[in-house]
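Read through the structure below, which is laid out as structure tokens, and then see the notes.
Remember, it's a predicted structure, so these values are computed and weren't measured experimentally. Residues: numbered from 1 along the sequence shown.
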Amino acid sequence: MASITGSSATAMYCSFKALNRVSNLKTSSLSFKGISYSSIRVNPATRRLSITCAAKPETVNKVCDIVKKQLALSANTEVSGDSKFAALGADSLDTVEIVMGLEEEFGISVEEDSAQSIATVQDAADLIEDLISKKA
């Protein structure tokens, strides 16, 4: 059984398939079998639970550096986990080049369908962490 902690939670029961009842919960944390997942978001319009396991900060920083290099962004351009590739000026070819740079830097192979789901720096970092953990 997992437990959810956060402000305004009205239920403490959670499975990975369903959440009994949540009221006004926006961001929280999940602990399951001794592993804490720090980022849980509930879309207020649909009340669906989305569990994301945030990548290590050093992974996010490396991805930010690769994105800046691939897109030839100036040093003062702010790039963070929430940065969307499209908002940074990336087209589909740029995104492919970013993914290739990530594959080379981290020694991973990203499947085409996974690559198409990457929209933000955080998406890329989370995918990298997932692929690295599966490799180990």
Side-chain angles (χ1 to χ4, degrees):
M1 180 198 260
S3 65
I4 296 177
T5 58
S7 62
S8 302
T10 60
M12 297 307 276
Y13 172 79
C14 174
S15 73
F16 285 104
K17 294 182 180 177
L19 179 66
N20 276 353
R21 198 170 136 204
V22 175
S23 172
N24 297 322
L25 180 65
K26 292 181 181 168
T27 301
S28 190
S29 65
L30 171 71
S31 177
F32 182 73
K33 292 187 179 181
I35 301 171
S36 292
Y37 302 96
S38 61
S39 180
I40 297 176
R41 294 183 198 113
V42 176
N43 184 338
T46 62
R47 297 283 187 216
R48 292 189 181 174
L49 178 67
S50 171
I51 299 173
T52 58
C53 304
K56 297 175 193 168
E58 54 268 17
T59 303
V60 175
N61 290 336
K62 275 188 181 181
V63 173
C64 288
D65 291 341
I66 291 167
V67 169
K68 278 185 165 185
K69 179 181 174 187
Q70 291 292 334
L71 298 178
L73 299 174
S74 66
N76 62 352
T77 301
E78 178 86 22
V79 178
S80 68
D82 293 331
S83 298
K84 294 184 180 198
F85 295 154
L88 295 171
D91 59 19
S92 58
L93 181 58
D94 291 324
T95 303
V96 169
E97 291 175 354
I98 290 168
V99 170
M100 289 171 57
L102 297 172
E103 288 177 324
E104 186 177 322
E105 175 69 27
F106 291 96
I108 56 172
S109 179
V110 178
E111 298 294 325
E112 186 177 339
D113 57 335
S114 296
Q116 292 176 352
S117 69
I118 299 172
T120 67
V121 169
Q122 188 67 51
D123 292 342
D126 291 342
L127 178 63
I128 290 164
E129 292 280 331
D130 185 47
L131 292 172
I132 289 172
S133 70
K134 287 179 182 177
K135 254 177 87 170

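The CD1 atom of I66 sits 9.0 Å away from the CD atom of E104 when rounded to the nearest 0.5 Å. To the nearest 0.5 Å, atoms CD1 (I128) and CD1 (I118) are separated by 7.0 Å.
What you find for V121 and S80 is that their closest heavy atoms are CB-O, 3.3 Å. Taking each heavy atom of V110 and E103 in turn, the nearest pair found is N-OE2, 2.7 Å. Shown here for V79 and C64, the closest heavy-atom pair between the two residues is O-SG, 3.5 Å. Here the closest non-hydrogen pair linking E78 and S83 is O-OG, 4.1 Å.
A donor-acceptor pair under 3.5 Å links the side-chain atoms of K135 to the main chain of G107, judged by distance alone. In this structure, K68 contributes its side chain and T77 its backbone to a donor-acceptor pair below 3.5 Å.
Side-chain contact between V60 and Q122 is present, with at least one heavy-atom pair separated by less than 4.5 Å. Between I98 and L71 the shortest side-chain heavy-atom distance falls below 4.5 Å. Using a 4.5 Å heavy-atom threshold, the side chains of F106 and L127 count as separate. Side-chain contact between D94 and F85: absent, with no pair of heavy atoms (C-beta onward) separated by less than 4.5 Å.
Residues passing the side chain to side chain donor-acceptor pair (under 3.5 Å) test with D65, sequence neighbours excluded: none.
In the hydrophobic clustering of this structure, L102 does not group with V96; members are Ile, Leu, Val, Met, Phe, Trp, Tyr whose side-chain heavy atoms approach within less than 4.5 Å, directly or through other members.
Under 3.5 Å, the side chains of S74 and N76 contain a donor-acceptor pair of N or O atoms.
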